[in-house]
Protein chains: 2
Amino acid sequence: MNIRPRTRATSFDVAALAGVSQSAVSRAFTPGSSLAEEKRLRIIEAARKLNYVPNSIARSLTTQRSNIVAVILGNTANPFYLQVLEAFMHRLQAEGRQVLTFTVENGGESDEAILRVLRYQVDGVILTSAQLSTRMVSLCHDRGIPVVLFNRYIPGSDASGVRCANAEGGRQIATAFLAAGARSFAMIKGDPKGTTSQDRARGFVDRLMEAGIGRDAISELEGHSVYDGAHEAVVREFRDGRTKIPDAIFGINDIMAMGAMDALRQRFSLKVPDDVMIGGFDDIAEARRFPYRLTTVRQPIGQMVDETLAILHLDEPHRPIEPGRDVVVPGRLIWRRSIPAPRGDGETKGA
Amino acid sequence: MNIRPRTRATSFDVAALAGVSQSAVSRAFTPGSSLAEEKRLRIIEAARKLNYVPNSIARSLTTQRSNIVAVILGNTANPFYLQVLEAFMHRLQAEGRQVLTFTVENGGESDEAILRVLRYQVDGVILTSAQLSTRMVSLCHDRGIPVVLFNRYIPGSDASGVRCANAEGGRQIATAFLAAGARSFAMIKGDPKGTTSQDRARGFVDRLMEAGIGRDAISELEGHSVYDGAHEAVVREFRDGRTKIPDAIFGINDIMAMGAMDALRQRFSLKVPDDVMIGGFDDIAEARRFPYRLTTVRQPIGQMVDETLAILHLDEPHRPIEPGRDVVVPGRLIWRRSIPAPRGDGETKGA
DNA sequence: TTCCGGCGTGAATACGCATTCAATCTGTGC
DNA sequence: GCACAGATTGAATGCGTATTCACGCCGGAA
């Protein structure tokens with residue numbers, strides 16, 4: 001146990017034991033290559049004896065494919081992105097690829113992360129919730145590495161993006177509020193630099209104004225895309241009766257909606273939806289739980305992951321990188337109790 | 001944009017442009033190597049012009065160090081482990097290492113994951129919440145790759161582990177329950193194969209029995225370490241009045257405690273802590289939120305991460321792997337409102 | 001002046017594998 | 001029995017870098 005053999009058997013060792021050439025060993029571990037079945041078995045057996053495990057690093061050097069995909073996370077405090085990470089891990093693992101994970105500061109630049117990722121010759125980069133300079137995108141593309149922005153787009157960027165119909169989702173929440181009779185509103189926005197937050201807010205406001213709601217009946221808070229941010233923003237805005245509490249509050253994402261809801265109950269002893277109705281966006285797992293039962297717009301993560309991987313086209317490395325596609329998938333309004341349903345068609349199962 | 005230069009500049013390209021040898025370029029990117037400053041600057045400039053990024057894959061091949069650490073996640077539905085992942089990512093990124101992330105089925109074997117990890121010549125393996133055969137441990141150790149079990153230990157294994165004082169934590173919750181006057185109990189256990197769950201439960205029961213509580217006053221439910229599992233277990237156990245609802249319920253981890261709490265409120269209209277008091281373990285971010293305000297045992301993630309990285313000793317690859325250390329760090333009881341405090345010293349800030 | 005230690009440098013090599021190329025072997029059709 | 005297509009095979013090479021080795025150079029000590 002104290003000895004350190006440091007003996008990672010190589011394909012040559014296996015070849016020697018099996019009485020074949022190193023080429024044969026390589027072929028034995030490369031599906032679809034031409035090798036007599038009897039010999040293949042003999043090699044596998046020898047490999048087993050030596051605890052041989054092929055060295056993917058060396059393999060990558062010759063094949064120019066690492067089978068590694070980088071996932072860069074911009075806001076690990078939002079459970080949504082962890083759900084997304086999980087979805088990508090499952091999918092990529094299933095097809096034999098590895099996930100190299102990075103985090104960057106919430107709202108920060110991911111340039112440095114990209115640079116580090118590039119060193120590892122990843123086959124693709126998935127960027128969630130993070131800023132990215134166009135220089136970095138072309139750096140990747142020039143090297144044949146596709147970049148996909150998940151739930152985000154950068155105007156004028158060459159990088160493709162996959163996102164939910166954010167503006168439309170904002171409209172759906174607004175429509176739900178209106179149907180429930182709300183006349184005064186607040187919304188809690190996230191990262192001001194992020195288009196996601198902007199789009200949802202825009203759709204929300206547009207719909208309200210179409211319904212004749214005045215701009216002065218819609219206040220805006222900044223929640224920085226996190227629970228605590230929204231919680232504090234609500235407390236700050238409404239304490240001392242400085243601002244009148246509106247009929248309805250739209251949290252630009254679920255975690256902020258939850259923070260707002262908790263703040264309203266805890267600090268102002270208000271009831272949801274009786275005193276204030278609340279809408280969210282994402283449909284994270286927590287949103288359906290008993291204390292929240294949040295009416296929200298569900299982002300179809302599975303579908304978005306599919307679209308992302310399609311753009312990455314990891315299976316066809318030689319297909320050119322598609323220039324700047326912007327894939328938009330529709331969200332779906334999930335009725336729960338944080339907004340009174342016009343008709344009694346809300347979800348009944350709460351857990 | 002449509003052309004695919006596929007031109008990843010190599011150190012030779014940079015050398016040619018800078019008028020030096022490839023060795024010099026390599027040295028320019030290797031801190032601490034002997035190279036004239038003037039020449040180093042010239043090389044950096046040439047590299048910039050060519051968008052040269054050193055190829056870590058090739059570097060790994062010669063150095064025998066990949067600077068990649070594998071983190072294997074066993075239960076992504078428990079936010080605790082995502083917090084742990086985040087902590088490791090931050091730490092490892094800060095010291096210039098990469099994180100290769102894997103998931104395995106909740107409670108499943110991680111052998112296959114290990115095998116895949118080994119191919120990538122990772123410098124270390126961190127395993128959270130997952131089973132592992134001893135054969136895999138020695139496979140790693142024989143190759144000089146340290147393995148650390150996070151929050152888990154495998155009796156008789158060569159792998160070191162870092163964990164919280166689980167039994168002691170269970171005792172602390174039991175003590176809190178007793179101090180608050182509880183006389184009948186339930187506990188919701190997680191993965192039956194996991195030692196973590198067993199240890200916490202054991203400490204809990206031991207303490208109760210020391211206080212003269214009979215075994216028949218302690219019922220046991222299975223929650224499979226997830227929110228929904230605990231929720232359903234509580235509903236199943238207590239509906240129809242089959243079992244009398246106890247004074248206190250110990251969720252072996254916070255997420256199950258939360259599931260239990262929501263079930264009690266939603267399905268049985270009970271109040272916490274008035275009707276039932278609840279204790280948890282982990283102190284995940286959600287535990288402090290208004291609807292839960294869970295009294296729980298905080299696991300010192302930072303300290304546990306430190307200990308884990310110390311065992312990995314990534315900086316000294318040649319130091320022999322320490323045989324089977326079992327590092328135990330104490331948890332700390334965090335008083336919140338889900339258990340009435342004997343004296344009024346609970347946390348007041350809820351969000 | 002001579003000697004020596006140390007720095008700076010480039011040529012050459014190794015890392016572990018996939019793949020090309022040419023050679024050998026197999027079986028088929030005639 | 002012969003020619004030939006296809007299947008197997010191994011030697012050799014390349015992937016991009018770090019590192020060793022040997023050499024030239026400089027400055028200080030003797």
Side-chain angles (χ1 to χ4, degrees), chain A residues 6-43 46-47 50-68 118-123 143-145 317-318, chain B residues 6-43 46-47 50-68 118-123 143-145 317-318:
Chain A
R6 188 54 108 177
T7 66
R8 317 192 181 185
T10 73
S11 55
F12 280 97
D13 301 327
V14 176
L17 182 58
V20 298
S21 72
Q22 179 267 330
S23 313
V25 177
S26 171
R27 291 186 177 111
F29 286 91
T30 305
S33 54
S34 166
L35 187 63
E37 192 54 26
E38 175 269 338
K39 189 169 286 190
R40 183 184 301 269
L41 292 176
R42 191 146 45 94
I43 291 170
L50 295 176
N51 282 331
Y52 170 74
V53 176
N55 183 332
S56 289
I57 295 285
R59 164 188 286 239
S60 300
L61 199 55
T62 66
T63 59
Q64 307 280 45
R65 295 293 285 176
S66 61
N67 280 319
I68 295 176
L118 281 183
R119 296 187 166 214
Y120 281 86
Q121 316 295 109
V122 298
D123 295 341
R143 315 174 126 240
I145 300 173
H318 295 299
Chain B
R6 188 54 109 180
T7 66
R8 318 194 179 185
T10 73
S11 55
F12 280 96
D13 300 327
V14 176
L17 181 58
V20 297
S21 72
Q22 179 268 331
S23 312
V25 177
S26 171
R27 290 194 247 264
F29 286 92
T30 306
S33 54
S34 166
L35 186 63
E37 191 54 25
E38 175 268 338
K39 189 169 285 192
R40 183 184 301 271
L41 292 177
R42 191 146 43 96
I43 291 171
L50 296 176
N51 282 330
Y52 169 75
V53 176
N55 183 334
S56 289
I57 295 285
R59 163 188 285 238
S60 300
L61 197 56
T62 66
T63 59
Q64 309 280 41
R65 295 292 286 176
S66 62
N67 280 318
I68 295 176
L118 281 184
R119 295 187 166 213
Y120 281 86
Q121 315 295 109
V122 297
D123 295 341
R143 314 174 125 241
I145 299 173
H318 295 298

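In the text below, chain A, chain B and the rest are named by the order of the sequence lines, each starting its count at 1.
- Distances shorter than 4.0 Å separate none of the side-chain N or O atoms of Thr62(B) from OP1 or OP2 on dC15(C).
- Between Ser34(A) and the phosphate of dT8(D), there is a side-chain N or O to OP1/OP2 separation shorter than 4.0 Å.
- The residue among Gly19(B) and Ala58(B) whose nearest nucleotide of DNA chain C lies closer to the 5′ end is Gly19(B).
- Residue-to-nucleotide contacts include a donor-acceptor pair under 3.5 Å from the side chain of Arg27(A) to the base of dT20(C).
- The distance between atom CZ of Phe12(A) and atom C1' of dT13(D), rounded to the nearest whole Å, is 11 Å.
- For dT9(C), one of the phosphate oxygens OP1 or OP2 lies less than 4.0 angstrom from a side-chain nitrogen or oxygen of Lys39(B).
- Mapped onto DNA chain C by nearest heavy atom, Phe29(A) and Ser23(B) fall at different nucleotides, with Ser23(B) at the one closer to the 5' end.
- Considering only side-chain N and O atoms, Ser21(A) lies nowhere under 4.0 angstrom from the phosphate OP1 or OP2 of dT9(D).
- Here Gln22(B) does not reach the OP1 or OP2 of dT19(D): none of its side-chain N or O atoms lies under 4.0 Å away.
- Put simply, Ser11(B) has no side-chain N or O that comes within less than 4.0 Å of OP1 or OP2 on dG16(D).
- Between Tyr52(A) and the phosphate of dC17(C), there is a side-chain N or O to OP1/OP2 separation shorter than 4.0 Å.
- Using a 4.0 Å heavy-atom criterion, one finds that Thr10(B) contacts the sugar-phosphate atoms exclusively.
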